[in-house]
Amino acid sequence: MSKPVVLITGGGKRIGAEVSKELMEMGWYVLIHVNSSVEDAKSVLTDYTSKFGVDAPGDILQANLLDDLEISRLISEVLEHQAVKEAGGISGLIHNASIYSSIDVEDVSVEELQKNLKLHVEVPFILTLGLLDSLRAKNGCVIGMVDTSLGRSWKGLSHYTASKAGLRQLMINFAGDFHPDIRVNCIAPGAIISADWEVEHFAKIIEEIPLGRSGNPSDVAKAVLFLFNSPHISGQVINIDGGWSLNQ
């Protein structure tokens, strides 16, 4: 039997890589989208082969999601992929690709804001609609990777949190627009991996987490698997933050 197919954007490193690994190990065929992280994605496939002694059930699709022509090409490559044809459509779509940088609000350019909005809102909109029929054919599940910032002010991240709030609302709207054929949910990781520029701040956050530790990328991957295997859950946001949001 053919494996169910999932496309994950930004699936070659960090949280995306862990999600890709977990899904392959649970019997999914994973289309790993990357921009520049081709070698990282190759390592994901190689690690699977080394662990199980068989070819990894996955493929790497490269595209710059800030380029409209490449977005269109990516959609075509997904729809024409042999694994998708054999499966009769795609069963999962994970909007994981992201940019994350700290910029004081006075220094945020319109171009930087537009880049965040494009990657975090416009691209998920275009990809979901471009793959809609394929998702409907498999009663698929769409997941948007948001964050725990909603309703809070985070210094230096106005451009990022505004765009992630847009993604959250887009996913909730999609859940209403596409039922009952497609389920749409969000996962909001919190205190999982620190960026290089926030190590000191991250350490302070860990002190506030009720579970007393940072999360692991595998914690997010398990939430993805939970949503993919929960046919009566749609329109929800799951915080993967060790209870951090309780203290905000």
Side-chain angles (χ1 to χ4, degrees), residues 1-12 15-35 41 44-45 48 55-65 70-98 119-146 167 170-171 173-187 220-236:
M1 294 179 62
S2 60
K3 293 178 179 290
V5 181
V6 56
L7 169 67
I8 176 169
T9 62
I15 289 175
E18 190 64 35
V19 173
S20 297
K21 291 176 184 177
E22 293 262 359
L23 287 170
M24 287 192 293
E25 292 187 14
M26 292 301 295
W28 287 71
Y29 190 98
V30 183
L31 298 176
I32 305 173
H33 158 267
V34 297
N35 180 18
V44 172
L45 300 180
Y48 182 96
D55 289 340
D59 199 2
I60 301 168
L61 303 180
Q62 185 177 15
N64 177 3
L65 296 182
E70 295 202 26
I71 297 171
S72 296
R73 176 177 56 77
L74 176 62
I75 292 171
S76 296
E77 288 183 358
V78 171
L79 295 176
E80 294 300 318
H81 197 281
Q82 186 62 33
V84 176
K85 289 184 175 182
E86 291 178 357
I90 63 171
S91 297
L93 172 59
I94 305 172
H95 297 300
N96 175 72
S98 183
L119 187 58
H120 300 151
V121 182
E122 183 178 332
V123 169
F125 181 87
I126 294 171
L127 284 181
T128 304
L129 291 181
L131 299 172
L132 195 58
D133 289 341
S134 189
L135 285 161
R136 278 185 169 137
K138 301 298 293 184
N139 292 119
C141 180
V142 179
I143 296 175
M145 290 291 184
V146 293
L167 174 59
L170 179 66
M171 294 294 100
N173 280 359
F174 276 176
D177 291 333
F178 302 144
H179 70 75
D181 302 317
I182 299 170
R183 295 180 298 109
V184 187
N185 294 286
C186 295
I187 291 175
V220 179
K222 288 178 174 60
V224 170
L225 289 168
F226 168 72
L227 288 174
F228 277 179
N229 291 301
S230 301
H232 204 53
I233 296 179
S234 190
Q236 303 302 308

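Residue numbers count from 1 along this sequence.
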### Task
Please report the C-alpha distance between L31 and V84 in whole Å, then the side-chain angles of each, then the deciding distance to 0.1 Å, and finally whether the side-chain contact (heavy atoms from CB on, under 4.5 Å) criterion is met.
CA-CA 10 Å; L31 298 176; V84 176; 4.0 Å; yes
### Query
side-chain contact (heavy atoms from CB on, under 4.5 Å) with L79: which residues, sequence neighbours excluded?
I75, L131, S134
### Query
What's the spacing between E86 CD and K3 NZ if we round to 0.5 Å?
11.5 Å
### Message
Please give me the minimum heavy-atom distance between L74 and H33, naming the atom from each residue.
### Response
CD2-CD2, 4.0 Å
### Query
Heavy atoms, side chains only, cut-off 4.5 Å: are K21 and Y48 in contact?
no
### Query
Can the ring centroids of H95 and F174 be said to lie less than 6.0 angstrom from one another?
no
### Task
Report yes if the side chains of S91 and W28 come closer than 4.5 Å at any heavy-atom pair, otherwise no.
yes
### Message
Before you tell me yes or no, could you show the steps for F178 and L135 under side-chain contact (heavy atoms from CB on, under 4.5 Å), namely the whole-Å CA-CA distance, both residues' side-chain angles and the distance that decides it to 0.1 Å?
### Response
CA-CA 10 Å; F178 302 144; L135 285 161; over 6 Å; no
### Query
R183 side chain to S234 main-chain N or O, any donor-acceptor pair under 3.5 Å?
no
### Query
Looking only at heavy atoms, which two atoms of Y29 and G58 are closest? And how far apart?
OH-O, 3.4 Å
### Query
Side chain of N185, backbone of L227: donor and acceptor closer than 3.5 Å?
no
### I8 side chain reached by V224 side chain, heavy atoms, under 4.5 Å
no
### Message
For a 4.5 angstrom cut-off between non-hydrogen side-chain atoms, does V220 reach M145?
### Response
yes
### Message
Test your reading of the model: is there a side-chain donor-acceptor pair from S20 to the backbone of G11, 3.5 Å cut-off?
### Response
yes
### Query
Does the side-chain contact (heavy atoms from CB on, under 4.5 Å) test come out yes or no for L132 and I182, once each step is laid out?
CA-CA 9 Å; L132 195 58; I182 299 170; 3.4 Å; yes
### Task
For the residue pair M26 and N229, establish whether any side-chain heavy-atom pair is separated by less than 4.5 Å.
no
### Query
What are the two closest non-hydrogen atoms of P4 and G27, and how far apart are they?
CD-O, 3.5 Å
### Task
Among L61, D59, L7, L45, find the residue that satisfies the side-chain contact (heavy atoms from CB on, under 4.5 Å) test when tested with I32.
L45
### Message
Given 3.5 Å as the limit, does a donor-acceptor pair link the side chain of T9 with the main chain of N96, or not?
### Response
yes
### Message
Testing the basics here: between C186 and M171, what is the closest heavy-atom pair and its distance to 0.1 Å?
### Response
SG-CB, 3.4 Å
### Query
How long is the gap from CG on L65 to CD on E70, to the nearest 0.5 Å?
8.5 Å
### Message
Is the shortest side-chain heavy-atom distance between I60 and V44 below 4.5 Å?
### Response
no
### Message
When you measure from the side chain of E18 to the backbone of A221, do you find a donor-acceptor pair of N or O atoms at a distance under 3.5 Å?
### Response
no
### Query
Does the pair R73/E77 count as a salt bridge with the N-to-O cut at 4.0 Å?
yes
### Task
Report the distance from atom CD1 of I15 to atom CD1 of I94, rounding to the nearest 0.5 Å.
11.5 Å
### Query
For H81 and V5, what are the C-alpha separation, side-chain angles and deciding distance, and is it a side-chain contact (heavy atoms from CB on, under 4.5 Å)?
CA-CA 10 Å; H81 197 281; V5 181; over 6 Å; no
#### Entry: A87 versus S2, closest heavy-atom pair with distance
CA-OG, 3.4 Å
### Task
Quick one: pull up CZ in R136 and CG in D181 and give me the separation to the nearest 0.5 Å.
5.5 Å
